[in-house]
Amino acid sequence: MALAISPLAASPRLTRSTPPVARARCGDSAGTSGRCSISATAPGGRVVKGKMTCPLGMGMTTTTTTFPRRARVLLHANAPRPGGNGETSAPDPGTPGGPEKDEGEAFRRWLFDKELPKSGKTIARSLSSLPLAISEFLVIAGFSALGTVIEQNKGAAWYVQNYPVDEPALGFIDYPFILNFGLDHIYTEWYFLALLGALAASLTACTFTRQLPVWKVSADWKFLDRPAALLKMEEAETLPRARSSDLADLLAGRGYQVFVKGTKMYAFKGLIGRLAPIGVHAGLLLTLGGAAYSGLGGLGGSVMVPEGTEFRIGAGLRRSAPFAPTPAAAKDLVRVNDFTIEYLPNGQVSQFFSDLSVLNSKNGREIQRKTISVNVPLREGGVTMYQTDWEIASMQVRVAEVGFKAEDSAANNVQGDSGPAPDDAEDGAGAAPVDLPEGTGDSLSLPMANLEGQGNFQGRIWGTFLPLNPDAEDPVDAKRGVTLLARDFQSVAIYASDGSFAGVRRPGSGRPIEVDGLRLVVEDMKGSTGLELKTDPGVPWVYAGFAGLMVTSFLSLLSHSQVWAVQSEGGGGGVLHVGGRSNRAKEEFKSELDDVLNRLPEYM
């Protein structure tokens, strides 16, 4: 690199025939760097000298140069150039000939005092980019929407059944796509958590590189004493024969904080509007942290529990992270006391309820009892139980044999379709006026199987089978029996062994039906409640973040208005120079300031 010494004019007493000579010396006999001196000598003893400090490890060479009168003296230092933009390179700790301790210390100072802070600032400026933060928001929103469309935390068999390869949803979403990319548990996948971390890093960088400096500048009480600086502002006015004390009183009456120092005045209001964006970022960070904590430290799972049975809470929780804490209620039991469904007038399901009791695992004592429904969960010991699904678990029937002939069955039964009959078909084919007195016959509990998607069945439907002769030696005869189908708890469709429709009965009506030599009464149907169990340790963080986000978002809409004034002497009395600006609501600020200035008294 080249170092230029300021111009040295030769002495007027130097003659043209004897040009002066410049000499430079750098370092010492040991070759270490130190003070560097330069001198220009001319006949007559006149010496012009200068000194400079040579950098460590510079490798400077000394030169002797003659120069004409009124010329510049240039000192050239030979050193490696890392780049053409003026950047300095790191000192070489391995330079021979120098003390290793000093060179290592110089390298550490360069690394920790210059290079790392500079790189950190560059990375922070890149992360605080608004387009980057918006992109991260959009990607997170996209994955969240996908997690809303695709049911989460179901078993692999469920996705195989509901997302077949031959009929992919939206043309590309099938079970291999879901399972391979972890879309069955998006919110705990590494890429979703990485997106949350990237957004948190962007918010943090923006807070420290943009919001905090703006807050510090805005919170600094600055008095301006030059009228020219005030007149360059967004709103400026020069008022003859006006006083700053009157302006201060008027601004204080409008909620401004006013400060006066001699002839100078500064006033502001709405400073909280500058601090609120930092609170918005803090609320978002708290929300993101709570979501990540719930994903990494939470447990979840689902159970389908028949009415009248119990299950252990811990058995329904699946560990999604190795360090997720076990809740206090994991060993307690939950008993399903009752399960009921409310229906709309058109027969559709309106709401379903589960009567649950939480029992202490040690003594069986009831800790809590609550009837839950959709959006009305039960919470116990850090575990939240949501009502999410239901099924028909079993059917109770009473059966008695009667004298019956096959030809009579064909005569009394009319062929029907292969699905459940409508509700008004209760007194249809096969519904002969038969009777089965209470207490007669055998009471059976038949398990119901979910037939949704099986064969030609569409929609939610359950079925069971009552064999006529299970001990028959003929395999065909052993498979003969009565089929009972139901879509809900309101009615049961009954089919004979030859597939003919026998009729419909309502559970609990007590009306028997005669089919295939049997007199049958549908007494009751038991349901299973589908519960989703979760532990969300980050929920308090999320709630606190949302609350703070709502408050600070409202406060950030407040405009930060500033007014400066300088009192100066002028012809005919004092002159008041006023300037002001606002970061938001500029038209309102202009109208407010104009109104204040119009109210200022004028002194003659």
Side-chain angles (χ1 to χ4, degrees), residues 140-192 295 298-307 311 315-320 336 339 341 343-344 347-352 354 372-375 377 384-395 418-420 447-465 483-489 493 525-534:
I140 291 174
F143 277 112
S144 299
L146 197 59
T148 303
V149 174
I150 300 176
E151 294 82 350
Q152 298 293 293
N153 300 317
K154 300 289 186 180
W158 190 92
Y159 292 101
V160 172
Q161 179 180 353
N162 291 274
Y163 292 91
V165 177
D166 52 348
E167 296 180 4
L170 302 178
F172 68 96
I173 300 178
D174 51 17
Y175 76 86
F177 179 80
I178 293 174
L179 299 179
N180 291 337
F181 289 97
L183 301 182
D184 56 329
H185 53 279
I186 288 179
Y187 305 116
T188 56
E189 270 292 325
W190 66 268
Y191 52 79
F192 189 81
L299 301 173
S302 57
V303 292
M304 187 67 68
V305 187
E307 180 182 347
F311 71 96
L317 295 173
R318 181 170 58 89
R319 188 176 296 274
S320 58
V336 181
F339 177 76
I341 293 182
Y343 295 93
L344 297 173
Q348 293 182 345
V349 175
S350 172
Q351 181 66 281
F352 40 100
S354 296
I372 69 171
S373 58
V374 178
N375 298 325
T384 305
M385 299 174 224
Y386 299 92
Q387 179 76 75
T388 58
D389 201 0
W390 62 274
E391 284 189 355
I392 301 177
S394 62
M395 180 185 302
S418 60
M448 301 289 286
N450 192 342
L451 303 178
E452 183 178 2
Q454 303 294 326
N456 295 326
F457 293 110
Q458 301 295 328
R460 306 195 70 179
I461 186 171
W462 291 264
T464 189
F465 183 75
T483 302
L484 299 94
L485 300 176
R487 292 189 180 273
D488 50 38
F489 294 91
M525 297 175 69
K526 298 290 185 180
S528 293
T529 179
L531 304 176
E532 184 175 354
L533 281 64
K534 281 187 177 182

Between [X] and [Y], what is the shortest heavy-atom contact and its length?
{"X": "F192", "Y": "I186", "answer": "CB-O, 3.3 Å"}
{"X": "P164", "Y": "D166", "answer": "CB-OD1, 3.1 Å"}
{"X": "T384", "Y": "P377", "answer": "CG2-CB, 3.8 Å"}
{"X": "F339", "Y": "E307", "answer": "N-CD, 3.7 Å"}
{"X": "A486", "Y": "M525", "answer": "CB-CE, 3.7 Å"}
{"X": "Y187", "Y": "T148", "answer": "OH-N, 3.7 Å"}

Distance, nearest 0.5 Å, that separates [atom1] of [X] from [atom2] of [Y]:
{"X": "Q351", "Y": "L344", "atom1": "CD", "atom2": "CG", "answer": "10.5 Å"}
{"X": "L183", "Y": "Y163", "atom1": "CG", "atom2": "OH", "answer": "10.0 Å"}
{"X": "T388", "Y": "E151", "atom1": "OG1", "atom2": "CD", "answer": "11.0 Å"}
{"X": "D488", "Y": "Y343", "atom1": "CG", "atom2": "OH", "answer": "4.5 Å"}

Heavy-atom side-chain proximity of [X] to [Y] below 4.5 angstrom:
{"X": "E391", "Y": "R460", "value": "yes"}
{"X": "D184", "Y": "Q152", "value": "no"}
{"X": "W390", "Y": "T529", "value": "no"}
{"X": "L485", "Y": "L451", "value": "yes"}
{"X": "I372", "Y": "Y386", "value": "no"}

Is a side-chain N or O of Q387 found less than 3.5 angstrom from the main chain of G530, in a donor-acceptor match?
-> yes
Between F143 and Y191, how do the two ring planes meet: parallel, tilted or perpendicular, split at 30° and 60°?
-> tilted
Which pairs would a plain distance check flag for residues 173-181, meaning a side-chain donor or acceptor within less than 3.5 Å of a matching protein atom at least two apart in sequence or in another chain?
| from | atom 1 | to | atom 2 | distance (Å) |
| --- | --- | --- | --- | --- |
| D174 | OD1 | F177 | N | 3.1 |
| N180 | ND2 | P176 | O | 2.9 |

